[in-house]
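Remarks on the structure that follows.
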Amino acid sequence: MPPSILVSSTSAGEPRLTADGRPVASTGREATGTGETPAVSGRRDLGRALLARKAALGGMIGFLLIAVVALLAPLIAPHDPLAQNLGDNLKPPMWEEGGTAAYPLGTDPLGRDLLSRLIYGARYSLAISISAVLLGGSLGFVIGLVAGFFGRWTDTVLMRLGDIQLAFPFVLFAIAVLAVSPERTPWHLILVLSISSWIIYARVVRSRVLSEREKDYAAAARALGASRWRVLFRYIVPNVWQAVPLIALLDLGFLVIVESLLSFISLGLSPPAPSWGAILAEGRQYMMITPWMAVFPGLAIAVTVLSVSVAADGLADTFDPKLIHGKFRRRPLPPAPGTRSDPRPAVGEPLPLLRVRNLTTIFPTRAGVVEAVRDVSFDLEAGKVLGVVGESGSGKSTLGLSIIQLVDAPGRVVQGEIHFLGTDLARVGNAAMGTIRGAKIGMIFQDPGSSLNPVRTVGTQLEETLRQHRQLRPGPAREAAGRALAAVHIADPDRVLRAYPFQISGGMQQRVMIALAMASEPALLILDEPTSALDVTTQAQLLDELTALRRRFDTSLLFISHDIALLSGIADTILVMYAGQVCEIGSRDQVITTPRHPYTQALLNAVERVAIPGHGRLAAIAGDPPDPANRPPGCPFAPRCPHAMPICVEVDPAPVVVATGHSAACHLLDPALQAGHQAEREVSVR
């Protein structure tokens, strides 16, 4: 008997969800009436990021205000910062007794206006620090690119020079250089500070270049005939520059402090040029008489550095999405109102191992909310195999990750229920979910080479799994690891246990992954295209081994694949996904022999068959899947469907039960609509 199946599909007009799962106004084709995604400029991206982060917005506003004041110092300052008036020396601020509005923050021992000196001090301090950041950052960026990309003696020479500089304390280096300078101009300080800071940028950029230059896209560019310089600037640079603005912002705050420190110890700008550090040093001598002289420049330095640091921290994931932070911890859904955590089956109905209802997973992006999985429901009985098929980007992998609660940030499950052995996985705590993964639910990913730890042997990884979930001691864990490898038909388990992942073949790596996943005898195993990178012979062997293990441990499989022909030989039930939602679901024989959704029919027509003559061609599916960030209204397959009707581009079809355990979401299956469509065709023919 096929498992009981229930499929639902979001109807047209249902509100989309925000990052917190609340309805929002849709963007894209529904809002604009066109199929084009509105262009989002980098400036608008930055503005949205600032509006979404109040702390970063406050920091950026604070820094910009200080920068504007420094830039407009000649227009804003009420007095000449160098003008002396000994008759008004040591005046207190205007709000204290003896103060005057002519000198809002008071005067120094020479009668110079303190507010004007602070404004001009900001001009000098920021100009020196920003110029040093630009010069040091540019120098470090270029050196990091060259050292990381060309390597060998170039890398050795440049990085050893950086090591020599790091071995000498930064501040001592500046003091040693500036102490012997008879006159210290802004250019002297800029040069000293930039030379001292370039190594920070160079090391970060070099590490990123070393990683990126070994990736496949760089090798593919070389294979297409691109020169080394083109690969560097056209392919590598766009993937490494994002870290530089973050370092520059943090470095700016640090250099403001260093410049003030040098001025404080009389190694900054030559007098009488005003600088925050010099003003602070003067105020220190009169702390007992006029404490405000030291308080105001200290506040100026603290507020500037704090504003820059807060802005840099808040904008980290805007400059570089790889640095998203604070969102990696999974957040369980709140209890559903009016529902029980342990769903009771209907009378006489067996409780399935896995019951998914109305599952929706989103990925908030700058352009809007992407619904990677949309209102998906199905049942999977113990010991059965559910095959999930669809094109790339259809939501198959996200469905598997949602079940095991491993969706990458900022994606999250925002709706639905995932009942596994009576527990709603979408709502259990993180600690409880950690005890379920690996022990009761296992997962095998597509690329075993990146899934296995490259610096640990196969044996240590297997033993760790066994000791964690089966509480075995080292000796028995080692023996159990050997038996686990033997169970997947590895001829020499002892050799493989001692080997590192890169020392064995791809097929052997995938066998190790199966052994790792099955070592704890889980009740459910999720496989994300585990055979797509293997040759046909190895693929067939792995499928046979999976089938034997499934029968031995009575394990249910959720097998994700883009190959519907592969699933026809292993699955009990097939679920067809498109644009994140279910198109059709039914038993293997129902879906393969009597497909009812046009997308399922198109997938089957694209499968290679012996019956096709030599001069024949496979039936390709015209068009491309819809943009997930700009999902069209109505049926998502309508633009590619040869049977599309006007209603298909307006209303998302609801699932229709066509047989026991077999349903499909298509308007063609609605008898009333089908009759109307046939009448329209007859009229058009006449």
Side-chain angles (χ1 to χ4, degrees), residues 6-28 30-31 48 52-53 317 321 324-341 343 354-378 388 390 393-420 423-430 432-433 436-437 441 443 526 558 575 577-582 626-633 636 652 654-655 665:
L6 181 147
V7 185
S8 67
S9 174
T10 306
S11 60
E14 179 175 334
R16 302 187 68 157
L17 300 173
T18 67
D20 299 322
R22 296 190 301 270
V24 297
S26 177
T27 60
E30 294 99 325
R48 290 178 177 176
R53 299 163 178 81
D317 58 343
I324 293 176
H325 60 286
K327 298 179 181 177
F328 287 100
R329 186 171 177 82
R330 168 183 168 265
R331 291 187 293 180
L333 291 180
T339 60
R340 294 173 296 188
S341 61
L354 176 67
R355 169 166 287 177
V356 175
R357 291 292 180 268
N358 310 113
L359 178 62
T360 299
T361 302
I362 67 168
F363 286 86
T365 68
R366 298 167 189 165
V369 176
V370 174
E371 292 178 324
V373 174
R374 193 174 192 228
D375 207 13
V376 172
S377 300
F378 63 85
V388 181
S394 61
K396 308 184 303 297
S397 297
T398 305
L399 174 62
L401 292 171
S402 299
I403 292 171
I404 203 171
Q405 298 290 285
L406 286 178
V407 180
D408 290 335
R412 63 182 67 97
V413 175
V414 295
Q415 177 182 314
E417 303 172 6
I418 310 170
H419 292 285
F420 173 73
T423 301
D424 190 352
L425 303 182
R427 291 171 173 81
V428 300
N430 292 301
M433 193 66 218
I436 295 174
R437 296 192 196 103
I441 302 179
M443 187 161 187
I526 301 173
L558 195 151
L575 183 152
M577 291 190 69
Y578 186 81
Q581 63 189 67
V582 177
D627 181 359
N630 186 31
R631 187 181 183 278
D652 202 354

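A quick note: this is a predicted structure, and the numbers were derived from the prediction, not measured.
Residues Phe420 and Val428 are not in side-chain contact: their nearest non-hydrogen atoms beyond the backbone lie 4.5 Å or more apart. The shortest side-chain heavy-atom distance between Ser377 and Val356 does not fall under the 4.5 Å cut-off. Side-chain contact between Val407 and Arg412: absent, with no pair of heavy atoms (C-beta onward) separated by less than 4.5 Å. For the pair Leu425/Ile441, a side-chain contact is recorded, criterion being any heavy-atom separation below 4.5 Å from C-beta on.
Classification of Arg357 and Asp375 as a salt-bridged pair fails, no side-chain N sitting under 4.0 Å from a carboxylate O. Under the 4.0 Å criterion applied to side-chain N and carboxylate O atoms, Arg631 and Asp652 are assigned as salt-bridge partners.
How far OG of Ser397 is from CE of Met577: 10.0 Å, rounded to the nearest 0.5 Å. Here Asp408 contributes atom CG and Leu401 contributes atom CG; the two are 7.0 Å apart, rounded to the nearest 0.5 Å.
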Legend entry - Gln415/Asn358 under side-chain contact (heavy atoms from CB on, under 4.5 Å): CA gap, chis, key distance, verdict: CA-CA 7 Å; Gln415 177 182 314; Asn358 310 113; 4.2 Å; yes
Inset, instruction - Step by step, work out the side-chain contact (heavy atoms from CB on, under 4.5 Å) result for Ile403 and Leu354. - result: CA-CA 9 Å; Ile403 292 171; Leu354 176 67; 4.1 Å; yes
Legend entry - Steps toward side-chain contact (heavy atoms from CB on, under 4.5 Å) verdict (Arg374, Leu359): CA-CA 6 Å; Arg374 193 174 192 228; Leu359 178 62; over 6 Å; no
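Taking Ser394 as the reference, nothing meets the side-chain hydrogen bond (donor to acceptor under 3.5 Å, both in side chains) condition, with sequence neighbours excluded. Residues meeting the side-chain contact (heavy atoms from CB on, under 4.5 Å) test with Pro626, sequence neighbours left out: Tyr578, Ala579, Pro632, Pro636. Among residues two or more places apart in sequence or in another chain, the side-chain hydrogen bond (donor to acceptor under 3.5 Å, both in side chains) test is passed with Thr398 by none. Taking Leu333 as the reference, Val413, Ala426, Arg427 meet the side-chain contact (heavy atoms from CB on, under 4.5 Å) condition, with sequence neighbours excluded.
Asp424 places a side-chain N or O within donor-acceptor distance of the main-chain N or O of Ile418, the cut-off being under 3.5 Å. A side-chain donor-acceptor contact under 3.5 Å links Arg437 to the backbone of Ile404.
Each of Leu575, Val373, Val388 was scored for a side chain to side chain contact (heavy atoms under 4.5 Å, CB included) with Val582, with one residue passing: Leu575.
Sorted by first and then second residue, the salt bridge (Lys or Arg N to Asp or Glu O under 4.0 Å) pairs involving residues 393-403 (not counting sequence neighbours) are Lys396-Glu529.
Of all non-hydrogen atoms in Phe363 and Gly411, the two that sit nearest each other are CD2-CA, 3.5 Å.
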